[in-house]
Amino acid sequence: MIRNDIAEVVRQGIAAAQESGSLPAFEIPTVEIGRPKDPKHGDYAASIAMQLAKPARMAPLAIAQAITAHLPAHPALGEAQVLPPGFINFRLSDAWLAGQVAEIEASGGQYGDIDLGRGRTCQVEFISANPTGQLHMGSARNAVLGDSLGNLLAAAGWQVQREYYVNDAGTQTRTFAETVLLRYKQALGLDAPLDKQHYQGADVIDLAREIVAEYGDRFLHMPEEEAITELREIGLAKVLAGIRQTVERLRIHFDCWYSEASLYEPGGRFEHVLNHLRNINMTTHRDGAEWLLTSEMGSDRDEVIVRSTGQPGYYASDIAYHYDKFVLRGFDRVIDVWAVDHQNQARRMPYLMKALGLDPQRLDILLYDIVRLYRDGQEVKLSKRSGNVITIDEVVDEVGVDAVRFLLLTRSNQAVMDFDLNLAVAQKDENRAFYVQYAHARMASILRKAAERGFPAARWAGGNPDLLRHPAELTLLRKMADLSEVIERAVLDLAPHNLAFYAQDLAKLFHAFYRDCRVLPGREDDGAAEDAAAPETEVTAELSAARLRLVAATKSVFARVLGLLGVNAPESM
RNA sequence: GCCCCCAUAGCGCAGCGGAUAGCGCGUCUGACUUCGGAUCAGAAGGUCGCAGGUUCGAAUCCUGCUGGGGGUACCA
């Protein structure tokens with residue numbers, strides 16, 4: 001990453017200045033390189049001179065000048081500029097920027113990739129919604145965040161595994177199974193009213209009808225408990241199949257669907273972990289329950305691991321599941337994607353990790369805020385149990401996968417997201433995804449047109465990128481050179497939205513290039529105005545070839561960025 | 001009560017302790033005989049919730065306050 005190069009150049013400059021006596025001796029702090037907002041200030045800036053004023057006991061401006069006089073040369077950089085109150089500004093050289101065209105071509109579609117992960121494994125666990133109903137819009141944000149984060153981690157050198165944790169244990173599935181049985185009876189014409197706690201949604205009615213069609217009335221002729229047990233399996237499997245379809249529609253692929261219930265099988269992971277914790281004296285008995293001694297790990301309280309009823313406590317699954325992830329499966333790192341209503345649970349996870357003898361740093365929780373749905377200005381409250389649900393499928397039917405994915409990535413994780421289901425409003429926002437895709441389609445169109453006019457890739461592939469010196473060309477190249485920094489930011493902050501905003505910026509710069517720089521030779525030049533500020537109307541064959549290479553390179557960067565977002569990069573629209 | 005998050009242009013939102021705080025929508029004015037007008041250019045629009053503090057420098061960090069959202073069980 002060029003920014004790291006610059007930091008090193010500055011560090012060497014300081015050291016050299018110290019050696020020559022221009023700067024006094026002091027320990028050189030980490031050199032931070034920033035990005036000036038004003039292009040007049042160059043591409044990168046070091047503010048180190050201001051920070052050194054105190055240790056060096058010199059005026060910042062004098063320090064900056066001393067450093068600058070001793071900077072080693074770097075092929076990507078022009079001459080550094082010192083500006084008050086003490087900034088050292090760097091500008092990327094035009095030649096280096098033009099050289100990025102070849103870099104992009106040579107990257108094999110991986111331009112911007114970095115190596116933070118260094119091949120280590122990282123599991124991203126996301127969605128993990130209860131399999132007691134279709135995926136609704138509340139899970140959509142989770143789905144898109146987790147998947148895009150997975151893409152970004154892979155681009156950052158991590159070996160990524162995507163996992164869906166199927167919550168098929170506990171009271172929710174029991175309630176669900178009871179609901180299935182009641183609806184099943186109703187489907188067979190019996191009077192079987194639902195209680196308040198049961199799932200009121202119509203999807204269970206359909207489910208029950210399916211079961212009647214497949215299995216007939218056999219569940220009426222067995223003890224109720226037995227029927228519930230069987231219907232639980234059948235119902236969960238059917239719901240899960242539907243969830244898998246929705247997930248596929250969102251273009252998400254899970255490497256593993258992990259069953260919570262499997263933790264509790266006899267001799268399973270839960271027993272294993274519980275025994276382990278007992279052996280290391282991390283549990284104690286109190287008030288008839290068995291507690292995990294997280295207070296000894298710095299928590300303000302212990303957590304129940306086995307309730308006085310003998311049932312596993314709330315955190316039992318988390319304990320066994322994360323033990324499985326880190327110890328048994330050996331992931332170097334795990335990221336759980338959770339909605340903000342799990343914040344308390346998230347805060348307790350580090351203590352669970354410590355109790356398990358694991359480094360809490362290996363676990364990150366990506367907490368994101370809720371999606372609030374509106375229709376005609378009124379908030380629509382979602383609740384699976386009340387049956388008031390807006391499914392992902394419904395919304396995808398209306399606005400499409402690309403718009404849904406893109407839109408959900410245009411907010412920072414902590415921001416509450418208002419999603420208006422009114423089609424007119426949705427289309428306005430949907431436009432943001434189209435805007436970026438349009439840029440890609442336009443590039444594809446230019447390349448097609450070039451071939452149609454007898455200028456196929458074979459004829460421009462040898463074009464000379466050094467001819468790219470127009471400000472619009474260089475600005476576009478500058479932005480593309482930023483990609484690795486954007487990926488780094490997104491990965492370090494677990495914040496994929498950075499990439500969505502980057503995509504829009506890049507699209508804007510491409511459109512500006514398109515406006516200012518003619519790529520293909522005009523059909524004919526009938527002597528248009530020679531206003532220097534006006535867009536070019538004529539272009540030489542050599543320049544055209546260079547620009548076609550730039551367009552093709554830009555197109556591949558767009559495809560990369562859209563791919564990381566999980567959005568299609570269309571050849572035409 | 002205690003804890004977490006949020007507050008930036010009319011609306012929706014970006015903004016990594018740096019230089020003149022940005023983007024989209026909306027509003028107003030412009031741009032198609034030539035590569036896709038689903039586009040582009042320009043204009044108007046701001047006490048960055050309030051008050052202190054730290055710093056050479058604060059929308060950004062700290063404290064307090066106001067307003068909004070969420071969390072605080074042997075439940076999931």
Side-chain angles (χ1 to χ4, degrees), chain A residues 32-38 40-41 45-47 49-51 53-54 59-60 83-87 89 130 167 169-173 175 286-291 300 302-309 311-317 339-347 367 369-370 372 410-418 420 425 428-432 434-435 437-439 441-450 452-453 485 488-489 492-493 497-498 500-501 504-505 507-508 511-512 514-526 528 535 537-539 544 547-548 551 572-573:
Chain A
E32 302 284 350
I33 300 296
R35 309 298 304 266
K37 279 189 280 261
D38 189 336
K40 279 203 298 284
H41 295 137
S47 56
M50 273 90 87
Q51 295 158 43
K54 209 172 269 179
L83 257 74
F87 288 104
N89 294 332
N130 288 345
N167 299 116
T171 56
Q172 286 309 311
T173 53
T175 307
R286 193 193 311 146
D287 306 330
E290 186 166 2
W291 301 72
D300 55 352
D302 295 325
E303 309 295 348
V304 169
I305 188 162
V306 182
R307 289 192 262 159
S308 52
T309 61
Q311 296 293 307
Y314 175 32
Y315 286 99
S317 294
V340 71
D341 54 325
H342 292 78
Q343 58 179 266
N344 188 54
Q345 190 180 356
R347 201 169 45 230
L367 279 186
D369 218 308
I370 53 164
R372 263 196 311 232
T410 54
R411 299 282 189 289
S412 58
N413 301 335
Q414 302 85 340
V416 175
M417 166 144 210
D418 293 331
D420 200 315
V425 180
K428 246 179 5 194
D429 294 325
E430 181 182 14
N431 202 32
R432 303 317 307 156
F434 280 158
Y435 179 76
Q437 292 180 305
Y438 180 69
R442 184 176 247 179
M443 288 176 245
S445 170
I446 292 171
L447 298 176
R448 270 197 306 273
K449 190 81 70 180
E452 280 167 24
R453 295 194 190 169
E485 284 177 42
E488 183 189 59
R489 166 71 35 78
L492 292 178
D493 296 352
H497 77 277
N498 283 286
F501 285 93
Q504 295 178 69
D505 292 345
K508 193 175 172 67
H511 288 308
Y514 175 84
R515 178 192 71 238
D516 292 340
C517 299
R518 176 120 202 129
V519 177
L520 302 177
R523 264 182 250 259
E524 263 171 59
D525 183 27
D526 41 7
T537 56
E538 186 56 16
V539 60
S544 183
R547 285 180 175 167
L548 281 162
V551 168
S572 65
M573 297 173 70

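Below, chains carry the letters A, B, ... as their sequence lines are ordered, and counting in each starts from 1.
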Just to be sure I understand the rule, does A:Ala441 reach a base, reach only the sugar-phosphate, or reach nothing, if contact means heavy atoms closer than 4.0 Å?
base

Quick one: is A:Arg515 getting a side-chain N or O under 4.0 Å of the B:A41 phosphate, OP1 or OP2?
yes

Which nucleotides of RNA chain B pair, in dot-bracket form (Watson-Crick or G-U under 3.5 Å, | meaning another strand):
(((((((..((((....[...)))).(((((.......))))).....(((((..]....))))))))))))....

Would you say A:Tyr514 reaches B:A38's phosphate, i.e. side-chain N/O to OP1/OP2 under 4.0 Å?
no

Using OP1 and OP2 only, check whether a side-chain N or O of A:Lys449 sits under 4.0 Å from B:G36.
yes

So, OP1 or OP2 of B:A76: does either fall under 4.0 Å of a side-chain N or O from A:Arg307?
yes

Heavy-atom nearest nucleotide on RNA chain B taken for A:Phe501 and for A:Val304; more 5' hit belongs to A:Phe501

For a salt bridge (charged side-chain N to carboxylate O under 4.0 Å, His left out) check, start with the C-alpha distance between A:Arg411 and A:Asp369, then their side-chain angles and the critical distance, and finish with the verdict.
CA-CA 10 Å; A:Arg411 299 282 189 289; A:Asp369 218 308; over 6 Å; no

B:G17 versus B:C62 - spacing of their P atoms, nearest Å:
11 Å

For RNA chain B, whose closest nucleotide is more 5', that of A:Arg442 or that of A:Ser412?
A:Ser412

Indicate whether OP1 or OP2 belonging to B:G36 is found under 4.0 Å from a side-chain N or O atom of A:Ser445.
yes

With a centroid cutoff of 5.5 Å and a plane-angle limit of 30°, would you call A:Phe87 stacked on B:G18?
no

Are any of A:Lys37's side-chain N or O atoms less than 4.0 Å away from OP1 or OP2 of B:G18?
no

Quick one: is A:Lys54 getting a side-chain N or O under 4.0 Å of the B:U55 phosphate, OP1 or OP2?
no

Going by 5.5 Å between centroids and 30° between planes, is there a stack of A:His41 over B:A19?
yes

How is A:Val340 classified with respect to the nucleic acid when contacts are heavy atoms under 4.0 Å: base, sugar-phosphate, or nothing?
sugar-phosphate

Roughly how far apart, to the nearest Å, are B:C50 and B:A58 at atom P?
16 Å

If you look at every strand shown and take non-hydrogen atoms under 4.0 Å, does A:Glu290 touch a base, only sugar-phosphate, or nothing?
nothing

Compare side-chain N and O positions of A:Tyr315 against OP1 and OP2 of B:A76 and report whether any pair is under 4.0 Å apart.
no

Can you check whether A:Arg518 has a side-chain N or O nearer than 4.0 Å to OP1 or OP2 of B:C35?
no

Phosphate OP1/OP2 of B:A76: any A:His342 side-chain N/O under 4.0 Å
no

Counting any heavy atom closer than 4.0 Å, what does A:Asp38 reach on the DNA or RNA strands: base, sugar-phosphate only, or nothing?
base

